[in-house]
Amino acid sequence: MDISQYLSMFIDESKEHLQSLNENLLSLEANPQDISIVHNIFRSAHTLKGMAATMGFEDIAALTHDMENVLDLVRNSKIEMNPFIFDCIFKSLDSLETMVEDIIQGGTGSADVSSIVASLRSIVSGDYLKTEAPAAAAPSKAPARGIEVDEFQYSILQQSIDSGFRVFYVEVTVNENCVLKAARAYMVFDAMERMGEIVKSTPSVQEIEQEKFDRSFSLYFISQVDQATLEKEILNVSEIASAVIITVDSESLAELSNPAAAEVNAASKEIAATAAAPAAPAPAAPAKPEAPAPTAAAKPAAGASGAPVASRTIRVDIDRLDTLMNLFSELLIDRVRLEQLASEVKRNDLTETVEHMSRVSSDLQNIVLKLRMVPVDSVFNRFPRMIRDLAKSLDKKVELVITGAETELDRTVIDEIGDPLVHLLRNAVDHGIEPISDRLAAGKPEHGTIYLRAFHSGNHVFIEIEEDGRGIYRDKVLKTALKNGLVTQEQAAKLTDHEVYNLLFASGFSTAEKISDISGRGVGLDVVKTKIQTLGGHVQVDSKPGFGSKFSVQLPLTLSIISAMLVRLGSEKYAIPLSSIVETSAIQKSQIRNIHGNLMIDYRGSIIPVVSLSTLFEVPDFDEDKETETEIVVVRKGDKQVALMVDEFIGQQEIVLKPLGKYLTGVFAVSGATILGDGQVALIIDTNALIK
């Protein structure tokens with residue numbers, strides 16, 4: 001069977017399991033005594049191991065198996081979690097993520113994890129706590145009993161040994177509470193028969209198929225694979241507690257094939273002990289097999305009670321959603337055209353049909369947009385582990401509090417927002433949160449807190465990163481800005497606190513006293529601001545020196561279809577995003593004042609600037625000076641407002657946002673274009689660019 005078709009599914013599910021492992025391990029670190037979390041970790045690791053083995057990624061399966069051995073001891077209360085074990089498993093997860101990334105890039109998922117494997121095995125044996133020789137802690141295993149064979153079977157085994165084949169005696173034990181013992185035994189036989197030939201088993205194959213055995217079965221096996229590979233394949237089968245494998249030579253064959261004549265000799269005992277060592281924790285599973293057995297047993301029940309939930313979710317390739325959105329965009333343009341034609345023809349039956357089609361397409365539009373909406377949790381869930389590692393490397397204590405992770409954003413925005421948030425969070429840990437000694441001296445708790453929030457507001461999503469650290473000091477920022485030539489002494493004296501804080505977003509600005517791997521390398525918040533602006537959003541910062549800072553990121557819900565107000569300037573049409581509009585109005589030209597060369601109006605008790613769009617865009621066939629009255633659109637960005645002068649209001653309309661293309665990048669105050677129902681192209685005004 002060609003398993004390459006399942007590669008994308010394997011990658012997606014592996015990422016989900018690795019994320020789950022990281023989250024649960026962080027929870028366990030906070031609550032080391034909660035064994036239920038260990039069971040969840042074990043189940044995820046076990047599933048990942050099985051998936052990797054099925055796909056043929058042996059290195060992933062082998063590393064996960066060694067992780068399982070440690071987790072099995074923890075869940076059966078054989079050992080307790082400690083910082084060394086936590087760090088070792090976290091490093092294992094990092095290696096697994098690297099392996100999966102290698103597979104994504106077309107590799108085989110191989111990596112040198114020998115040091116991590118050695119650490120995991122030292123935990124199993126207890127050697128990492130001891131100074132004496134590790135052999136003293138090696139677990140012992142009772143000698144195998146062997147299987148009696150007839151002359152023909154003995155001849156086959158002996159000839160195989162003489163011919164250079166490997167002959168193994170294998171004892172397999174299934175979990176105590178295994179529900180489908182025969183099925184598990186069959187899976188073991190199937191895996192082994194793909195690698196060689198089974199000569200004889202006890203009980204017989206027929207008895208095993210009829211489940212006429214307790215928990216163990218033994219067999220002779222001929223193959224060219226090595227002992228480690230054979231053990232790995234057997235233990236990859238779910239609910240297998242242990243596999244004792246003895247490499248058989250001519251001397252041991254005589255004893256193993258005639259168990260009634262004598263006990264297994266000392267040499268065989270030594271081989272058995274050696275073979276059992278890699279799977280040391282496995283025999284503990286029968287005594288208390290919470291994770292593997294209940295998981296398998298619970299699956300039929302879960303299917304019966306929760307089948308509707310499971311069957312209501314499918315994976316869809318994101319390219320198909322993009323294609324669907326593009327097709328709907330064209331449909332929306334045609335819908336607007338039909339509405340325009342229906343209003344001109346004025347036939348009742350046509351009007352009714354178009355109105356019905358408009359309602360249906362509106363519902364379809366909502367569904368298509370919702371299909372593209374993804375919870376920000378998909379971005380947020382990687383941050384707790386990142387904060388934990390950063391805090392540890394900086395010798396700080398930091399707690400990350402996440403709220404609003406269920407808030408949804410368009411997939412296009414989700415794909416791009418991760419890196420800016422990573423940069424802001426790293427700055428919060430490095431620059432914001434003080435060292436423990438400084439916090440205690442300032443009367444603060446030794447644990448710093450970073451709040452990561454997401455929430456909806458209108459047609460925007462806000463993401464806030466707030467910390468209770470040292471805050472931003474105005475004088476320090478101004479000193480750096482003056483040194484870098486960003487402002488003059490005269491300008492610096494007039495700047496408000498908010499304007500000073502915004503200097504942090506200037507290119508190359510950094511207040512770090514020394515360069516580190518975390519921040520202070522001259523690639524600062526300007527990268528964050530640029531990235532967010534390309535997404536149609538903006539970022540601002542507020543701070544209270546000594547008490548912390550807050551970065552607030554505003555993002556549009558979607559970048560594909562927006563509601564806009566269409567306006568006319570002479571023969572040209574423009575679109576203004578409805579989410580930015582505060583009010584539309586008509587005013588007398590006499591109400592506009594010229595203050596120091598700037599046009600201003602008195603708007604609801606405050607003075608706001610006025611911008612002439614016809615002058616800004618150099619509209620050839622419209623002259624505002626000949627007008628005695630003008631229409632205005634009041635738009636806002638944060639707490640700032642501007643009035644835009646237009647010729648005429650056309651009306652509200654849902655438009656499809658189209659990029660201008662590579663030849664028209666960077667056009668001032670224009671974020672894109674749209675195709676109207678009559679085929680005309682209307683530019684979409686970027687109101688944020690007009691508000692300073």
Side-chain angles (χ1 to χ4, degrees), residues 376 380 383 387 398-404 407 417 420-434 438-439 442 444-445 448-458 460-482 486-487 491-507 509-512 519-520 524-533 535-556 579-580 582 606 608 636-642 687-688 691-692:
V376 293
F380 284 8
F383 295 146
I387 296 297
V398 182
E399 179 184 4
L400 179 65
V401 179
I402 296 177
T403 55
T407 305
I417 195 57
L421 294 182
V422 165
H423 197 106
L424 290 174
L425 285 167
R426 290 171 74 91
N427 271 280
V429 178
D430 191 23
H431 291 306
I433 302 296
E434 313 96 325
D438 292 355
R439 291 185 64 84
K444 296 181 179 181
T449 305
I450 298 176
Y451 298 93
L452 178 59
R453 311 183 188 95
F455 55 91
H456 282 119
S457 179
H460 290 89
V461 168
F462 285 84
I463 298 177
E464 294 180 349
I465 296 173
E466 184 176 4
E467 33 83 4
D468 62 349
R470 59 170 61 92
I472 302 170
Y473 287 86
R474 172 191 175 97
D475 293 342
K476 186 175 181 180
V477 174
L478 275 179
K479 181 180 177 182
T480 305
L482 289 167
L486 298 175
V487 293
Q491 291 172 328
K494 299 177 183 178
L495 293 176
T496 65
D497 287 349
H498 187 71
E499 290 171 333
V500 170
Y501 298 151
N502 280 330
L503 291 174
L504 293 171
F505 297 106
S507 179
F509 188 97
S510 177
T511 58
S519 58
L525 295 173
D526 61 312
V527 177
V528 174
K529 183 178 182 180
T530 301
K531 188 67 172 179
I532 291 171
Q533 285 180 337
L535 295 174
H538 65 272
V539 57
Q540 62 182 27
V541 57
D542 292 302
S543 182
K544 189 175 182 181
F547 293 93
S549 306
K550 180 172 74 173
F551 286 84
S552 181
V553 178
Q554 179 182 330
L555 296 164
S579 57
S580 302
V582 178
S606 61
I608 65 173
R636 69 180 171 200
K637 181 177 77 171
D639 55 356
K640 295 183 178 180
Q641 297 178 335
V642 166
T687 56
N688 288 336
I691 304 176
K692 303 299 183 182

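Note that these values count all heavy atoms, side chains included, but never hydrogens, waters or copies made by symmetry. All residue numbers refer to positions in the sequence shown, counting from 1. As the structure is a prediction and not an experimental result, all values here were calculated from the model.
The shortest distance between side-chain heavy atoms of I608 and V642 does not fall below 4.5 Å. Side chains of V527 and H423 form no contact here, defined as non-hydrogen atoms less than 4.5 Å apart. Under the 4.5 Å side-chain criterion, counting only non-hydrogen atoms from C-beta, I463 is not in contact with F551. Counting heavy atoms from C-beta outward, V461 and V553 have side chains that stay 4.5 Å or more apart.
Taken to the nearest 0.5 Å, the CG atom of L424 stands 12.0 Å off from the CD atom of E464. Note: L503 CG to D526 CG = 12.5 Å, rounded to the nearest 0.5 Å. For the atom pair I450 CD1 and I465 CD1, the distance stands at 8.0 Å (nearest 0.5 Å). Distance check: L425 CG to L452 CG gives 5.5 Å after rounding to the nearest 0.5 Å. In this structure, H538 NE2 and Q554 CD are separated by 4.0 Å, a value rounded to the nearest 0.5 Å. Distance check, rounded to the nearest 0.5 Å: CG of L486 to OG1 of T480 gives 9.0 Å.
In terms of heavy-atom proximity, L504 sits nearest to L525 at O-CB, 3.6 Å. Here the closest heavy-atom approach between residue P545 and residue I472 is recorded as CG-O, 3.3 Å. Summarising the geometry of F380 relative to I402, their closest heavy-atom pair is CD2-CG2, 3.6 Å, with the distance given to 0.1 Å. Scanning all heavy atoms of the two residues, the minimum distance from V376 to G404 falls at CG2-O, 3.7 Å. In terms of heavy atoms, D468 sits closest to T449 at OD1-N, 2.9 Å.
For K531, the salt bridge (Lys or Arg N to Asp or Glu O under 4.0 Å) partners are E416, not counting sequence neighbours. With sequence neighbours excluded, the residues satisfying side-chain hydrogen bond (donor to acceptor under 3.5 Å, both in side chains) with T687 are S580. When the side-chain contact (heavy atoms from CB on, under 4.5 Å) test is applied to L482, the partners found at least two apart in sequence or on another chain are V487, Q489, A492. Under the salt bridge (Lys or Arg N to Asp or Glu O under 4.0 Å) criterion, R470 pairs with no residue, sequence neighbours left out. Evaluation of the salt bridge (Lys or Arg N to Asp or Glu O under 4.0 Å) rule for K444 yields E434 as partners, not counting sequence neighbours. For E466, the salt bridge (Lys or Arg N to Asp or Glu O under 4.0 Å) partners two or more places apart in sequence, or in a different chain, are R453. Residues that satisfy the ring pair (Phe, Tyr, Trp, His ring centres under 6.0 Å) test with F462, not counting sequence neighbours, are F455. In terms of the ring pair (Phe, Tyr, Trp, His ring centres under 6.0 Å) criterion, F547 has no residue partners (sequence neighbours excluded). Every residue two or more places apart in sequence or in another chain that forms a side-chain contact (heavy atoms from CB on, under 4.5 Å) with P445 is listed here: R439. Residues meeting the side-chain hydrogen bond (donor to acceptor under 3.5 Å, both in side chains) test with D497, sequence neighbours left out: R474. Partners of T496 according to the side-chain contact (heavy atoms from CB on, under 4.5 Å) rule, which considers only residues two or more places apart in sequence or in another chain, are H498, E499.
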Determine whether V528 and N427 satisfy the following criterion, side-chain contact (heavy atoms from CB on, under 4.5 Å), listing intermediate values before the conclusion. CA-CA 11 Å; V528 174; N427 271 280; over 6 Å; no

Could you give me the CA-CA distance, side-chain angles and deciding distance for V422 and F383, then say whether side-chain contact (heavy atoms from CB on, under 4.5 Å) is met? CA-CA 8 Å; V422 165; F383 295 146; 3.5 Å; yes

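Of the possible donor and acceptor atoms, one in the side chain of S543 sits under 3.5 Å from a partner among the backbone N and O of G548.
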